[in-house]
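Below you'll find the structure, written out as structure tokens, and then a few comments.
Computation of the quantities below employed the complete heavy-atom set of this structure, encompassing side-chain atoms and omitting hydrogens, waters and symmetry-equivalent molecules.
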Amino acid sequence: PIGERARSGIEPATSTALLTTVGRDFQTYLLLSQIDAAQYGSHMAKVLAKLDDNPTRRAYLRDLSDRLNRTRRRLFKLLESPSPKLLKKP
């Protein structure tokens, strides 16, 4: 229950941050939200893989977890770069 309440408060805060910022701040909030999503997905896939009896599905879930971790690392590199070019200027 407490965890659910905490998560339910994060979504509106993230949405507000994304809708009310521009430029570099927007890019930072966007990257941070994607890093969080990749981490959540990776951990979820890892836990599900441990619980699944189907070897094919278990392998898929482990692979998914690994791919999401790689994505997360790439997102961190973008976040750390001096000027990530996520948005093309018109």
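Atoms CG and CG, on Leu30 and Leu79 in that order, are 10.5 Å from each other to the nearest 0.5 Å. The structure places OG of Ser65 at 7.5 Å from NE2 of His43, a figure rounded to the nearest 0.5 Å. The NZ atom of Lys50 lies 5.0 Å from the NZ atom of Lys46; values are rounded to the nearest 0.5 Å. Atom CD of Gln39 and atom CZ of Phe76 lie 7.5 Å apart (nearest 0.5 Å). Atom NZ in Lys77 sits 14.0 Å away from atom CG in Leu31 (nearest 0.5 Å). Once rounded to the nearest 0.5 Å, the distance linking OG1 of Thr71 with CD1 of Ile35 reads 11.0 Å.
Shown here are the side-chain contact (heavy atoms from CB on, under 4.5 Å) partners of Arg70, two or more places apart in sequence or in another chain: Asp66, Arg67, Arg73, Arg74. Qualifying side-chain contact (heavy atoms from CB on, under 4.5 Å) partners for Leu68, counting only residues two or more places apart in sequence or in other chains: Ser42, Leu64. In this structure Ala49 satisfies the side-chain contact (heavy atoms from CB on, under 4.5 Å) test together with Arg58, Leu61, Arg62, sequence neighbours excluded.
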